[in-house]
There are 2 protein chains.
Amino acid sequence: MTAQNTIVVIDDESQIRKILSITLEAQDYKVIEAAKGKDGIIAVANYHPQLVILDLGLPDKDGFSVLADIRTWSSVPVIILSVRDSEDSIVKALDLGADDYIAKPFNTKELLARIRANIRRVQLIDNESIVENGNLRIDFVKRLVYKNNLELKLTNTEYLLMQIFFKNIDRILTHNFLLKEIWGPTHTEDTQYLRVFIGQLRKKIEDDAANPKYLITDSGVGYRMMAVGN
Amino acid sequence: MTAQNTIVVIDDESQIRKILSITLEAQDYKVIEAAKGKDGIIAVANYHPQLVILDLGLPDKDGFSVLADIRTWSSVPVIILSVRDSEDSIVKALDLGADDYIAKPFNTKELLARIRANIRRVQLIDNESIVENGNLRIDFVKRLVYKNNLELKLTNTEYLLMQIFFKNIDRILTHNFLLKEIWGPTHTEDTQYLRVFIGQLRKKIEDDAANPKYLITDSGVGYRMMAVGN
DNA sequence: CGAATTTATTTACAGCGTATTTATAATCTG
DNA sequence: CAGATTATAAATACGCTGTAAATAAATTCG
């Protein structure tokens with residue numbers, strides 16, 4: 001069981017840790033601070049936090065390996081802190097399974113909103129076997145997807161994709177991440193697979209496949225299922 | 001959180017420190033004085049002031065490196081004190097992320113007004129994930145910009161620029177600063193990039209792109225987003 | 001088991017959108 | 001006014017995406 005309202009902050013800069021602690025504690029989160037990546041990993045293992053904030057500028061060794069390590073045994077949501085001009089590191093972190101990112105210097109309200117959103121997503125999925133989004137619905141137990149209450153005929157791969165998207169609504173899923181999840185760690189070059197399957201899915205789930213509102217492209221990065229209202 | 005109403009003054013001239021202290025304390029600011037750059041950095045780290053006043057004429061460490069140091073871990077507003085004839089050092093300080101500058105000998109009323117303005121800007125941004133200016137609005141969480149409540153279609157680079165401008169309303173952002181923030185530390189020569197993108201943004205956000213009221217040019221220095229009333 | 005059918009993988013290509021570069025006109029500043 | 005700076009449009013370059021269609025593999029079913 002995860003510890004309610006506990007957040008682990010992994011950052012080598014004590015100033016930023018302090019600012020984050022004060023900000024988060026004011027919102028009644030319990031904060032565990034770690035200055036080094038190794039300590040951060042141990043803290044996540046011991047405290048089972050509800051969320052992790054990880055600064056990519058760690059000197060100890062790079063934040064990526066910390067994230068990769070955590071991801072081998074935990075699906076706790078991880079928000080990345082990074083400098084603005086490092087688009088590449090953001091994508092690399094998302095590839096490894098980071099849930100969200102925020103650029104330094106960050107704005108407090110934005111950070112809090114992202115924390116809430118990421119915690120909410122995990123709670124939603126953990127407790128539901130059926131999830132709705134717009135006029136779509138997925139049943140994780142029966143492994144079926146419906147559009148306007150009509151069952152869609154999906155192939156196995158198509159269903160796997162839908163499952164991942166429904167479990168990560170509003171989260172950017174990188175090409176690499178999706179390929180690893182579905183085709184395993186070897187096919188990270190085969191982005192074209194994704195294009196073909198995304199295209200097929202759009203034909204089935206979108207009202208207008210040429211102007212998708214569910215499966216959105218983040219050019220150069222990946223795809224994302226948008227939350228759609230009713 | 002930052003310490004309310006606390007200002008750190010970094011200046012090697014005890015006369016000026018004394019004048020500043022008396023002036024600021026009369027306005028109910030708490031003042032921390034530092035004579036040397038190193039002490040100033042430590043003071044900022046320990047007290048988390050709401051604002052910093054930094055004299056560029058420091059002997060021990062030169063003022064620029066003090067500013068650069070602080071900027072690696074803090075976005076606290078920094079007002080530069082400098083002698084009147086040093087246009088170059090002002091631009092250099094703004095490049096490094098100074099928020100404002102004021103020439104010695106300074107006029108008390110003007111100094112207080114600038115202090116208030118710089119504190120206000122940070123408070124405004126820090127407490128909102130949505131910021132309005134005139135008929136524009138930015139949502140830092142959804143990463144969207146609106147004009148008259150209509151979503152604008154911005155490219156990634158255009159959005160990054162808008163984000164920086166909205167986080168720094170009324171502050172002059174130098175070419176170098178903007179180029180570093182968006183294209184990284186290598187492209188500091190490519191001012192033409194900025195001209196092209198600023199032009200594109202004006203077409204999208206201004207009512208009359210030829211007479212901009214949001215994105216103002218400071219010829220030879222940089223650009224600035226003006227606060228616009230409703 | 002083998003043919004028919006579905007699904008996955010590959011190949012090919014057209015088109016779009018964006019960043020960058022170039023060229024030139026307009027404007028600003030001292 | 002002269003030189004520097006800025007604005008604007010247009011051209012270019014290029015990567016990425018989406019679609020279709022061909023081939024291969026897997027699955028279904030009589």
Side-chain angles (χ1 to χ4, degrees), chain A residues 85 87-88 91 94-95 143 145 152-162 172-176 178-184 186-224, chain B residues 84-85 87-88 90-91 143 145 152-162 172-176 178-179 181-184 186-225:
Chain A
D85 61 23
E87 186 75 17
D88 287 352
V91 173
L94 293 174
D95 280 351
R143 295 176 63 92
V145 178
L152 291 180
K153 194 163 155 13
L154 298 183
T155 71
N156 190 46
T157 309
E158 286 166 0
Y159 174 77
L160 288 176
L161 271 167
M162 285 307 279
I172 298 176
L173 304 178
T174 63
H175 301 133
N176 263 305
L178 289 166
L179 288 165
K180 256 190 297 182
E181 287 290 313
I182 296 188
W183 285 272
T186 53
H187 290 73
T188 50
E189 301 300 305
D190 300 319
T191 313
Q192 181 59 13
Y193 285 11
L194 283 176
R195 300 208 182 91
V196 173
F197 279 98
I198 292 287
Q200 280 169 0
L201 277 173
R202 281 180 177 147
K203 273 191 262 187
K204 295 184 180 183
I205 69 174
E206 299 283 355
D207 296 324
D208 174 9
N211 297 87
K213 59 178 185 176
Y214 291 103
L215 293 182
I216 301 301
T217 304
D218 280 278
S219 191
V221 182
Y223 296 91
R224 179 165 44 122
Chain B
R84 195 184 298 285
D85 61 4
E87 186 73 20
D88 286 354
I90 290 170
V91 173
R143 300 190 167 95
V145 178
L152 291 180
K153 200 166 154 2
L154 298 184
T155 70
N156 191 45
T157 308
E158 286 166 359
Y159 174 77
L160 287 177
L161 272 167
M162 284 308 278
I172 299 176
L173 303 178
T174 63
H175 301 134
N176 263 305
L178 289 167
L179 289 165
E181 287 289 314
I182 296 189
W183 284 272
T186 52
H187 290 73
T188 49
E189 300 301 304
D190 300 317
T191 312
Q192 180 61 11
Y193 285 9
L194 281 177
R195 301 209 181 92
V196 172
F197 278 98
I198 293 287
Q200 278 169 0
L201 278 173
R202 281 180 177 148
K203 272 192 264 185
K204 294 184 180 184
I205 69 174
E206 300 283 356
D207 296 324
D208 174 9
N211 298 89
K213 58 179 185 175
Y214 292 103
L215 293 182
I216 301 302
T217 303
D218 280 279
S219 192
V221 183
Y223 297 91
R224 180 164 45 120
M225 172 172 273

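First the proteins, then the strands, lettered A, B, ... as listed; each starts at 1.
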Between C/dA8, C/dT7, C/dT9, which nucleotide has the shortest distance from any of its atoms to the side chain of A/Thr157? C/dA8

Would you say C/dA19 has OP1 or OP2 under 4.0 Å from some side-chain N or O of B/Trp183? no

Does B/Leu215 offer a backbone N or O that forms a donor-acceptor pair with the side chain of B/Arg202 under 3.5 Å? yes

B/Leu179 and B/Asp190: which non-hydrogen atoms are nearest, and at how many Å? CD2-O, 3.5 Å

Between NZ on residue A/Lys153 and NZ on residue A/Lys204, distance to nearest 0.5 Å: 7.0 Å

Roughly, in whole Å, what's the span from CZ in A/Arg195 to P in C/dA12? 16 Å

Out of C/dT29, C/dT18, C/dT7, minimum distance to the side chain of A/Thr155 belongs to C/dT7

Main-chain N/O of A/Lys213 paired to A/Glu206 side chain as donor or acceptor, under 3.5 Å: yes

A/Glu189 CD to C/dT10 P, in whole Å, measures 13 Å

Does A/Ser219 or A/Lys203 map to a spot on DNA chain D nearer the 5' end, using the closest nucleotide for each? A/Ser219

Once rounded to the nearest 0.5 Å, what's the spacing between atom CG of A/Leu154 and atom CG of A/Leu201? 6.5 Å

Heavy-atom side-chain contact between A/Tyr214 and A/Ile205 under 4.5 Å: yes

If I take atom NZ in residue A/Lys204 and atom C1' in nucleotide C/dT7, what distance separates them, rounded to the nearest angstrom? 10 Å

How are the rings of A/Trp183 and A/Phe197 set to each other: parallel, tilted or perpendicular (split at 30° and 60°)? tilted

Give the first and the last nucleotide of DNA chain D, reading 5' to 3', that has any atom under 4.0 Å from a heavy atom of chain A. D/dC16 to D/dA20

Looking only at side-chain N and O atoms, does A/Tyr193 come under 4.0 Å of OP1 or OP2 in C/dT10? yes

Spacing of B/Asp218 atom CG relative to C/dC28 atom P, expressed in whole Å: 13 Å

Return the value, rounded to whole Å, for the distance between atom CG of A/Asn156 and atom C1' of C/dA8. 11 Å

With heavy atoms under 4.0 Å as the rule, sort B/His187 into base, sugar-phosphate or nothing. nothing

In whole angstrom, what separates A/Leu161's CG from C/dT9's P? 11 Å

Starting at CG of A/Leu194 and ending at P of C/dA8, how long is that distance when rounded to a whole Å? 13 Å

Could a donor-acceptor pair under 3.5 angstrom be found where the side chain of A/Gln192 meets the base of C/dT11? yes

